[in-house]
Visitor: 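Below is one structure. I have some questions about it.
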2 protein chains.
Amino acid sequence: MAIAGRTTIRDVAAAAGVSPTTVSHALNGKGRLDPRTRARIQRTAERLGYQANRIARGLRSGRYGVQALWLPIEQDAASSDALMLDYYMRLASAMTKAFFARGDVVMLIPPVGSTGMLVPLPADGAIVVDPYVDDPRLAALRRLGVPSVTIERNPIDPEDPWCVASDTGHHIETLLEHLASEGAERIALLLPESMGAWSREERDAYRTWSKEHGCERLTRPVPMHDPFEGARCAVRTLLRSGSLPEAIVIGAERFVPGTMSALAEVGLAVPDDVLVAVAVDGNLARSSAPPLTAVDLQPEQQALAAAELLWNRLDGEEPRGPWTVPGILRVRGSSHRP
Amino acid sequence: MAIAGRTTIRDVAAAAGVSPTTVSHALNGKGRLDPRTRARIQRTAERLGYQANRIARGLRSGRYGVQALWLPIEQDAASSDALMLDYYMRLASAMTKAFFARGDVVMLIPPVGSTGMLVPLPADGAIVVDPYVDDPRLAALRRLGVPSVTIERNPIDPEDPWCVASDTGHHIETLLEHLASEGAERIALLLPESMGAWSREERDAYRTWSKEHGCERLTRPVPMHDPFEGARCAVRTLLRSGSLPEAIVIGAERFVPGTMSALAEVGLAVPDDVLVAVAVDGNLARSSAPPLTAVDLQPEQQALAAAELLWNRLDGEEPRGPWTVPGILRVRGSSHRP
DNA sequence: CGTGGGTGGAAAATCGTTTTGTGCAAAGGC
DNA sequence: GCCTTTGCACAAAACGATTTTCCACCCACG
């Protein structure tokens with residue numbers, strides 16, 4: 001038994017010559033206690049290496065000390081390849097660290113399909129990453145009564161204050177500005193056909209910017225389920241359409257390989273013949289040849305913000321509205337003619 | 001409160017007109033009960049949507065229902081880039097799914113440095129991925145008395161039966177055989193300077209194979225902390241050494257970008273001028289140009305095996321010895337001259 | 001001298017489940 | 001007919017903490 005032999009609150013109480021009640025009060029800063037008694041008990045607890053049993057605590061207090069992290073990853077063998085993006089990995093790592101710092105642990109939830117979520121989550125709260133339209137994760141959490149915070153806006157309810165959002169529109173603008181400043185006039189956008197809010201935000205920002213700058217609109221929708229082929233076809237179509245774009249903005253990290261492959265195929269060099277930039281930074285962007293300019297979504301900051309927000313929600317505090325984490329433009333070789 | 005309002009065992013008992021004890025026995029298949037009563041209670045429980053409260057169960061049974069997954073990821077800002085490999089992500093996903101299927105949840109542990117692991121893990125057991133020499137994770141688990149299973153052998157104790165191992169040596173042989181069958185005679189190995197067992201297994205297998213086939217030994221050690229520059233330098237040195245190798249085996253996934261970059265730099269085409277293969281499959285190998293031949297370590301299988309093994313260990317069963325999951329050679333364009 | 005209020009601490013209730021022990025029939029052995 | 005076994009179900013005792021309630025004491029005040 002993993003828990004056997006651990007020192008309990010009773011041991012501490014005996015060693016300090018007080019009752020378990022008093023120990024609990026002393027360690028949790030509750031009740032009325034002589035400050036000296038409190039200090040003495042704390043020292044005793046420390047000396048004995050006492051750590052409250054989380055299960056027992058949870059049973060009484062109703063809190064598990066466990067938070068669920070629900071990534072949007074589908075685990076069908078077919079599409080698993082392309083979905084393992086390091087953005088999610090960074091997010092998961094950062095989330096783990098952020099929660100651990102305050103004594104909570106993070107648990108991963110398997111993809112929706114594999115379980116149907118019949119089991120109630122043994123978690124206090126949940127972080128839902130990249131919610132999409134009619135997201136079964138949100139439905140399940142609501143049904144189970146588990147409070148949640150989303151990373152990226154819920155397309156059904158964009159003003160939901162329990163949300164950590166990137167300013168996707170602004171990121172697209174930044175990329176377009178950057179590419180324009182490098183001399184590109186005809187800038188194409190590879191637009192993810194996603195049910196998430198960010199995909200629409202990309203489209204809207206691109207439209208607005210194009211109109212404001214009097215630029216031609218060159219977008220190609222790309223399906224998410226076969227990102228490699230999807231992106232490759234989209235780029236081929238784009239290039240076949242007559243006048244060549246001078247720059248391409250890739251709307252989703254997973255379209256990187258397909259895009260680069262299509263460009264290489266027709267012998268277009270990056271950045272000499274066409275500039276390229278990605279809306280989401282990651283391994284694929286960094287390790288491309290040449291490395292691609294991209295927007296770093298700062299998953300570490302997002303994780304911190306999400307943890308904070310979730311704690312607030314669990315504490316019954318009032319929402320402060322969506323929390324925007326600014327992305328950072330990482331300029332690399334793909335968008336800069338030497 | 002996330003748990004409020006849930007139907008308890010008492011509700012079921014009342015609805016079925018029996019005592020809580022009987023309900024518990026009925027649902028857990030224990031005790032002596034009239035089969036009809038048992039069936040009736042099960043129906044009642046199902047009708048009421050009863051799910052046992054994991055915390056309460058854990059308190060009594062001494063099991064948390066939580067398993068820890070401890071990846072070897074260091075989270076220093078400096079090296080974070082290269083370590084986010086999709087192999088780990090696949091492993092994490094698969095692990096989550098495997099445990100969830102039997103009612104356990106998986107929790108992620110933050111990297112060693114960030115916490116010092118003062119807090120006892122609220123977990124029944126742990127999976128340690130890629131243990132290295134004097135691994136602080138193993139030390140911490142031993143100190144905390146948390147049973148564990150490793151993925152890949154512990155270099156300090158290679159015969160530890162509580163282990164899911166790849167047959168790394170065999171994988172290297174397979175790659176060498178494959179490259180030789182494609183006509184390569186001088187095959188170089190980029191050897192990770194890792195403290196893990198797999199790196200030594202790669203070296204030994206390469207040595208043995210070279211000796212048996214009377215081939216020249218061409219290895220370059222590559223440090224793990226700056227994989228891109230490390231691999232690039234190693235490949236440069238390799239190419240500068242006079243006679244060109246006809247094939248290169250990349251010993252670690254993270255060396256892919258650096259290697260490909262160095263080859264491109266000197267104008268060597270893959271596979272025309274040099275064949276390339278990787279010991280670990282992943283996004284980097286698949287999305288390289290051309291896609292790289294690699295050994296798929298089958299993280300999904302490893303996860304299943306590890307979960308099984310950990311459950312065995314927790315149940316106090318006897319170890320059956322290390323469990324080997326065979327890798328699969330994925331032949332791609334990088335090793336095959338058309 | 002009785003009472004009121006503030007202090008410091010302990011006793012008891014509680015959380016929901018599992019486990020152990022108890023009770024009460026009906027059946028079976030002498 | 002009495003005593004033991006067997007089958008079935010329940011009561012009560014854990015599990016280890018938190019939270020609520022309560023008590024004993026001391027001091028001050030009327």
Side-chain angles (χ1 to χ4, degrees), chain A residues 1-42 44-45 48-66 103 119-122 124 145 314-315, chain B residues 1-42 44-45 48-66 103 119-120 122 124:
Chain A
M1 182 147 60
I3 320 177
R6 280 250 304 268
T7 60
T8 76
I9 201 172
R10 243 173 275 274
D11 301 328
V12 179
V18 294
S19 76
T21 308
T22 310
V23 175
S24 174
H25 283 158
L27 297 180
N28 296 313
K30 306 201 170 167
R32 289 183 316 232
L33 251 63
D34 188 323
R36 288 165 311 188
T37 311
R38 195 182 291 271
R40 182 166 53 87
I41 293 176
Q42 282 168 349
T44 310
L48 297 182
Y50 169 74
Q51 293 283 53
N53 179 325
R54 304 175 67 100
I55 295 197
R57 163 178 295 169
L59 183 56
R60 180 67 234 232
S61 64
R63 282 222 184 165
Y64 293 86
V66 175
V119 184
L121 286 184
D124 301 320
L314 292 173
D315 289 342
Chain B
M1 182 149 59
I3 322 176
R6 280 247 308 266
T7 61
T8 76
I9 202 172
R10 240 174 276 272
D11 301 329
V12 179
V18 295
S19 75
T21 309
T22 310
V23 174
S24 175
H25 283 158
L27 297 180
N28 296 313
K30 305 201 171 167
R32 288 186 316 232
L33 248 64
D34 188 320
R36 287 166 311 188
T37 312
R38 195 184 291 273
R40 182 165 51 88
I41 293 176
Q42 283 168 347
T44 309
L48 297 182
Y50 169 74
Q51 292 284 53
N53 179 324
R54 302 174 64 100
I55 294 200
R57 163 176 293 166
L59 181 58
R60 182 67 238 228
S61 64
R63 281 219 184 167
Y64 291 90
V66 175
V119 185
D124 301 319

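As a basis for the values below, the full set of heavy atoms in this structure was taken, side chains included, without hydrogen atoms, waters or symmetry mates. Everything numeric in this text was worked out from a predicted model, so none of it was measured.
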Visitor: Quick one, give me the B/S/- string for nucleotides 18-27 of chain C, reading 5' to 3', where B means a protein heavy atom under 4.0 Å from the base and S means that only happens at the primed atoms, P, OP1 or OP2.
Guide: BBB-------
Visitor: Between D:dA14 atom P and B:Arg63 atom CZ, what is the distance in whole Å?
Guide: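 Distance check: B:Arg63 CZ to D:dA14 P gives 23 Å.
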Visitor: Whole-Å distance between D:dA17 C1' and B:Ile55 CD1?
Guide: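 Checked: the CD1 to C1' distance equals 11 Å.
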Visitor: In whole Å, I'd like the distance from the CD atom of B:Gln51 to the C1' atom of C:dG16.
Guide: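 Computing the B:Gln51:CD to C:dG16:C1' distance gives 14 Å.
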Visitor: What distance do A:Ile9 atom CD1 and A:Leu48 atom CG have between them, rounded to the nearest 0.5 Å?
Guide: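 If I round to the nearest 0.5 Å, the distance is 12.0 Å.
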Visitor: Quick one: does B:Arg54's side chain have a donor or acceptor within less than 3.5 Å of a partner on B:Gly65's backbone?
Guide: yes
Visitor: Find the distance A:Tyr64:OH to D:dA17:C1' and express it as a whole number of Å.
Guide: 16 Å
Visitor: For the atom pair OG1 (B:Thr37) and CD (B:Gln42), what is the distance rounded to the nearest 0.5 Å?
Guide: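 Atom-to-atom, B:Thr37:OG1 and B:Gln42:CD are 11.0 Å apart.
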Visitor: Heavy atoms under 4.0 Å, any strand shown: does B:Leu59 hit a base, just sugar-phosphate, or nothing?
Guide: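 Base contact.
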Visitor: Using atom CG of A:Leu27 as one end and atom C1' of D:dT18 as the other, report the distance to the nearest whole Å.
Guide: 12 Å
Visitor: Could you list the residues that satisfy side chain to side chain contact (heavy atoms under 4.5 Å, CB included) with B:Ala16, not counting sequence neighbours?
Guide: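 Once residues adjacent in sequence are excluded, the partners of B:Ala16 under the side chain to side chain contact (heavy atoms under 4.5 Å, CB included) criterion are B:Val18, B:Arg40, B:Ile41, B:Thr44.
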Visitor: Would you say D:dG16 has OP1 or OP2 under 4.0 Å from some side-chain N or O of A:Thr8?
Guide: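 Checking A:Thr8 against D:dG16: no side-chain N or O falls below 4.0 Å of OP1 or OP2.
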Visitor: Using the side-chain heavy atoms of B:Asp34, tell me which of these nucleotides is nearest: D:dC8, D:dC10, C:dA11.
Guide: D:dC8
Visitor: Using OP1 and OP2 only, check whether a side-chain N or O of A:Thr37 sits under 4.0 Å from C:dG8.
Guide: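 So the side chain of A:Thr37 is outside the cut-off, no N or O lying under 4.0 Å from OP1 or OP2 of C:dG8.
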Visitor: Taking CZ from B:Arg54 and C1' from C:dC15, how many angstroms apart are they, rounded to a whole number?
Guide: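 Rounded to the whole Å, the gap is 17 Å.
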Visitor: Atom CZ of B:Arg10 and atom P of C:dC15: how far apart are they, to the nearest Å?
Guide: 7 Å
Visitor: Whole Å only: how far is the CG atom of B:Leu33 from the P atom of D:dT6?
Guide: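 For the pair B:Leu33 CG and D:dT6 P, the rounded distance is 18 Å.
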Visitor: Under the side-chain hydrogen bond (donor to acceptor under 3.5 Å, both in side chains) test, which residues partner A:Ser24, sequence neighbours left out?
Guide: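 Applying side-chain hydrogen bond (donor to acceptor under 3.5 Å, both in side chains) to A:Ser24 gives A:Asn28.
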Visitor: Please enumerate all residues that pass salt bridge (Lys or Arg N to Asp or Glu O under 4.0 Å) together with B:Arg36, with sequence neighbours excluded.
Guide: B:Asp34
Visitor: Between the side chain of B:Arg38 and the main-chain N/O of B:His25, is any donor-acceptor distance below 3.5 Å?
Guide: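 Such a contact is found between B:Arg38 side chain and B:His25 backbone.
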Visitor: Side chain to side chain contact (heavy atoms under 4.5 Å, CB included) with B:Ala45: which residues, sequence neighbours excluded?
Guide: B:Val12, B:Leu27, B:Tyr50
Visitor: Measuring from B:Ser61:OG to B:Asp124:CG, what's the distance to the nearest 0.5 Å?
Guide: 8.0 Å
Visitor: For the helix from C:dC1-D:dG30 to C:dC30-D:dG1, how many degrees between its two end axes (five pairs per end), to the nearest 10°?
Guide: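 Axis angle across the helix from C:dC1-D:dG30 to C:dC30-D:dG1, nearest 10°: 70°.
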